[in-house]
Number of protein chains: 2
Amino acid sequence: MVHEAVTIIDVAQEAGVSKSAAARVLARRGSTSETMRTKVLEAAHRLGYRPNQLARAMKSGATNTIGIVVPDVAIPFFSAVLRGLADTARAAGVEVLVSNTDNDADVEARSLELLAEQRVDGIAIAPVFQEDPAAIIRLQAEELPIVLLDRRMPGLESLPLVSVDHVAATERAVRSLIELGHRRIGLLTEVTRERAVLDDLSGRVGDPYVRSPLRPSAQRFIGYLRALREAGLEVDDDLILRSGYTTQDAQRAVEDFLARDTGATALHATDAVLSSGAYRGIRARGVSIPDQLSFIGFDDQDWTTMVQPTVSVVEQPQQHLGATAATVLVGIIRGAATEPVVHLLEPELITRESVAPPAQAR
Amino acid sequence: MVHEAVTIIDVAQEAGVSKSAAARVLARRGSTSETMRTKVLEAAHRLGYRPNQLARAMKSGATNTIGIVVPDVAIPFFSAVLRGLADTARAAGVEVLVSNTDNDADVEARSLELLAEQRVDGIAIAPVFQEDPAAIIRLQAEELPIVLLDRRMPGLESLPLVSVDHVAATERAVRSLIELGHRRIGLLTEVTRERAVLDDLSGRVGDPYVRSPLRPSAQRFIGYLRALREAGLEVDDDLILRSGYTTQDAQRAVEDFLARDTGATALHATDAVLSSGAYRGIRARGVSIPDQLSFIGFDDQDWTTMVQPTVSVVEQPQQHLGATAATVLVGIIRGAATEPVVHLLEPELITRESVAPPAQAR
DNA sequence: ATGAAAGCGCTAACAA
DNA sequence: TTGTTAGCGCTTTCAT
């Protein structure tokens with residue numbers, strides 16, 4: 001805390017006017033004579049007056065501060081989201097408090113509680129996947145504006161969501177492979193659910209409210225199913241590679257896959273972590289990209305342009321996601337309609353050297 | 001802002017005691033009877049009371065909030081620093097506000113002003129390189145605790161600094177090459193200053209106050225000079241590659257370098273951006289790593305383990321840097337001695353496949 | 001147009 | 001041990 005802070009009273013004294021007069025000038029509201037305005041402003045400048053937002057917040061009930069709660073700001077996806085959010089918030093005169101949860105529900109609950117104590121005007125959160133997101137629901141019940149970032153769970157249906165269109169992301173990648181002539185396309189996914197369950201949903205994901213409670217990974221899976229179906233191709237469970245959520249697991253899954261002879265001519269990995277594992281696995285098996293196998297990864301990471309051949313990817317609009325979340329959140333805070341909305345942002349397919357028509361088609 | 005917030009008065013009423021009695025219980029200070037304590041706590045719990053940190057801050061003068069000001073949180077180095085800082089701060093009961101400056105002095109000045117208005121208790125800043133950091137100096141004059149992150153400039157000598165030991169980083173990398181038998185080692189740097197200027201300083205950088213006003217890149221350069229000198233090797237200006245601060249520039253500088261026959265058997269790039277440019281340049285020239293050229297990069301980026309051969313790097317303790325900054329800052333805020341201190345963190349050399357003895361030595 | 005005064009929620013003397 | 005009260009810096013009626 002600054003020691004000898006200049007208050008509005010000091011300014012009023014220096015200018016020889018009343019406290020409330022000075023306040024009116026400095027907050028630019030109410031009517032003031034030109035003479036008084038200049039006197040006050042000069043005094044404020046002379047003294048180096050700096051408004052105390054704390055006091056303002058006490059009176060007005062608005063702190064002009066929002067919180068962002070994510071698993072880990074050091075993960076590139078979230079740091080990009082934060083960047084977009086912070087910039088847009090700042091442009092709207094709003095500051096941003098950050099919390100990491102490490103995907104721990106207790107840490108998340110505590111973070112939310114702390115942000116609420118700080119009286120933030122709203123919160124953007126990529127929630128921990130959990131059965132009962134009680135902490136979030138509690139704050140929502142208290143009418144604290146909340147926006148979900150890229151994740152939604154049962155129980156949070158009534159909150160606005162800003163998300164990448166994951167169905168479209170994978171659909172686009174897989175369709176591009178199909179258009180090149182690929183017919184047997186592998187999918188590397190962390191989804192553990194039965195394919196049949198997602199199959200059932202795949203016809204109805206056009207409705208954001210059917211789709212949004214699904215995890216991004218499940219949505220991407222559905223994108224795969226839809227792309228195949230649209231092209232009249234059969235879905236073969238042999239082409240679906242299930243993996244744990246680590247590079248090592250992904251690498252192993254891909255190596256096993258390549259060891260079996262599945263006839264696959266292309267592979268798509270549905271996540272950043274899985275992508276690097278997949279790439280390693282392909283290389284470990286000595287399979288040549290794109291001659292023997294075309295490959296499309298997820299997220300435009302550094303390494304995708306450093307390796308040879310360079311890797312095609314589906315790129316998520318990360319900063320844009322953060323910026324949109326900020327816009328939506330600030331909108332709600334400032335009184336915009338509050339009915340839940342799903343904002344779906346378009347991913348982009350970046351084509352590089354790792355993709356080619358299948359061998360027999362050349 | 002939460003709408004119908006429960007205040008301490010509500011709690012007092014519910015418990016049938018005075019406002020200050022409730023306050024004493026809830027803030028755990030002053031003496032209270034056991035009976036009253038339970039009554040108040042039960043009431044608070046029943047009502048879902050949540051302390052208003054705004055009001056607390058108004059009274060106490062401490063917001064338990066700090067600000068971090070960096071060029072761009074989306075840059076991996078800074079997001080890791082932020083992560084370390086946020087975690088450590090949180091553990092000390094302190095929240096973190098983030099600002100990006102994009103290396104723009106005006107944006108930085110404005111950010112600092114806004115943080116001061118929010119009455120943060122302190123600021124950690126990686127300042128924009130500029131002639132006259134007036135905004136920082138102003139806040140310092142107002143006795144706002146400030147810690148510098150990894151950068152110091154003339155005029156900021158009296159502020160504590162938390163930094164990686166850049167001299168040691170490059171010294172270590174270059175020495176490891178020398179120990180393998182390399183005698184002609186290239187250095188890729190963004191430094192534009194004459195070598196002679198840095199040569200003069202290189203004997204005195206043991207003193208943190210000689211070293212710290214230098215940019216990290218200059219300190220790394222000096223580390224190179226020291227390693228060579230220590231080994232009795234001559235410094236050859238032909239081996240010093242100057243590059244602008246972009247991947248493209250770095251690639252071009254390295255390609256030019258490799259086109260000339262300098263007899264270099266090893267190369268060290270002194271920054272993350274320069275490293276990826278350098279690697280591209282080496283590959284573009286078809287020079288084989290490590291057979292024809294050993295290579296050590298800077299910062300452990302994703303791609304360094306995705307390419308073949310994998311790349312040795314000097315790794316900075318990024319999260320630790322943030323954590324240390326938080327510890328130092330909170331220490332000062334809580335009244336620790338305030339004399340300026342330089343905290344130098346040790347980098348680590350990670351050895352991978354890109355390094356081998358020079359051809360003639362094998 | 002200007003000033004006086006109340007009050008946001010909390011803490012900390014001071015009294016009782 | 002408990003209650004009363006003043007006040008942190010600001011905004012905002014309400015008089016004047």
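Lettering follows sequence order; numbering is per chain, from 1.
Using a 4.0 Å heavy-atom cutoff across all strands shown, B:S33 reaches sugar-phosphate atoms only and no base atom. Among the heavy atoms of the strands lying under 4.0 Å from A:A23 is at least one base atom, whether or not backbone atoms are also near. Residue contacts shown for A:R29 are limited to sugar-phosphate atoms, with no base heavy atom under 4.0 Å away. Within 4.0 Å of B:S20, counting heavy atoms only, lies at least one base atom of the nucleic acid.
The nearest whole Å value for the distance from the CD atom in B:Q53 to the P atom in C:dC8 is 19 Å. Distance NZ (A:K19) to P (C:dA6): 11 Å, rounded to an integer number of Å. The interatomic distance linking B:M58 (CE) with C:dC10 (P) rounds to 13 Å, in whole Å. Rounded to a whole Å, the CZ atom of B:R28 is 15 Å from the C1' atom of C:dT11. Atom C1' of nucleotide D:dT11 and atom CG of B:L54 are separated by 14 Å, given to the nearest angstrom. Between the CD atom of A:Q13 and the P atom of D:dC10 there is a distance of 13 Å, given to the nearest Å. Taking atom CG of residue B:N64 and atom C1' of nucleotide C:dC10, one finds them 14 Å apart after rounding to whole Å. Atom OH of A:Y49 and atom P of D:dG9 are 10 Å apart (whole Å).
Checked against C:dG9, C:dA4, D:dC10, the side chain of A:S18 finds its nearest nucleotide in C:dA4. Closest contact between the side chain of A:T32 and the listed nucleotides C:dT2, D:dA6, D:dG3 involves C:dT2. Taking every side-chain heavy atom of B:V17 into account, D:dG3 is the closest of D:dG3, C:dC10, D:dG9.
A side-chain donor-acceptor contact under 3.5 Å links A:R152 and A:S212.
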Extract all donor-acceptor atom pairs below 3.5 Å that involve side chains of residues 74-89 of chain A and protein atoms in other chains or at least two apart in sequence.
unit_1: A:S79; atom_1: OG; unit_2: A:P76; atom_2: O; d: 3.1
unit_1: A:R83; atom_1: NE; unit_2: A:D87; atom_2: OD1; d: 3.2
unit_1: A:R83; atom_1: NE; unit_2: A:D87; atom_2: OD2; d: 3.1
unit_1: A:R83; atom_1: NH1; unit_2: B:D72; atom_2: OD1; d: 3.1
unit_1: A:R83; atom_1: NH1; unit_2: B:D72; atom_2: OD2; d: 3.4
unit_1: A:R83; atom_1: NH1; unit_2: B:D102; atom_2: OD1; d: 3.1
unit_1: A:R83; atom_1: NH2; unit_2: A:D87; atom_2: OD2; d: 2.9
unit_1: A:R83; atom_1: NH2; unit_2: B:D102; atom_2: OD1; d: 3.4
unit_1: A:R83; atom_1: NH2; unit_2: B:D102; atom_2: OD2; d: 2.7
unit_1: A:T88; atom_1: OG1; unit_2: A:G84; atom_2: O; d: 3.0

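The stretch residues 36-47 of chain A comes close to DNA chain C through A:M36, each having a heavy atom under 4.0 Å from the strand.
Axis orientation changes by 50° from one end of the helix from C:dA1-D:dT16 to C:dA16-D:dT1 to the other, with each end axis drawn from 5 pairs and the value rounded to 10°.
Pairing each heavy atom of B:P160 with each of B:V328, the nearest pair is CB-CG1, 4.5 Å.
Between B:E34 and B:R37 there is a salt bridge, since a side-chain N of the basic residue sits under 4.0 Å from a carboxylate O of the acidic one.
Ranked by how close their nearest DNA chain D nucleotide is to the 5' end, B:A22 and B:A55 are led by B:A22.
Here A:R24 does not reach the OP1 or OP2 of D:dT11: none of its side-chain N or O atoms lies under 4.0 Å away.
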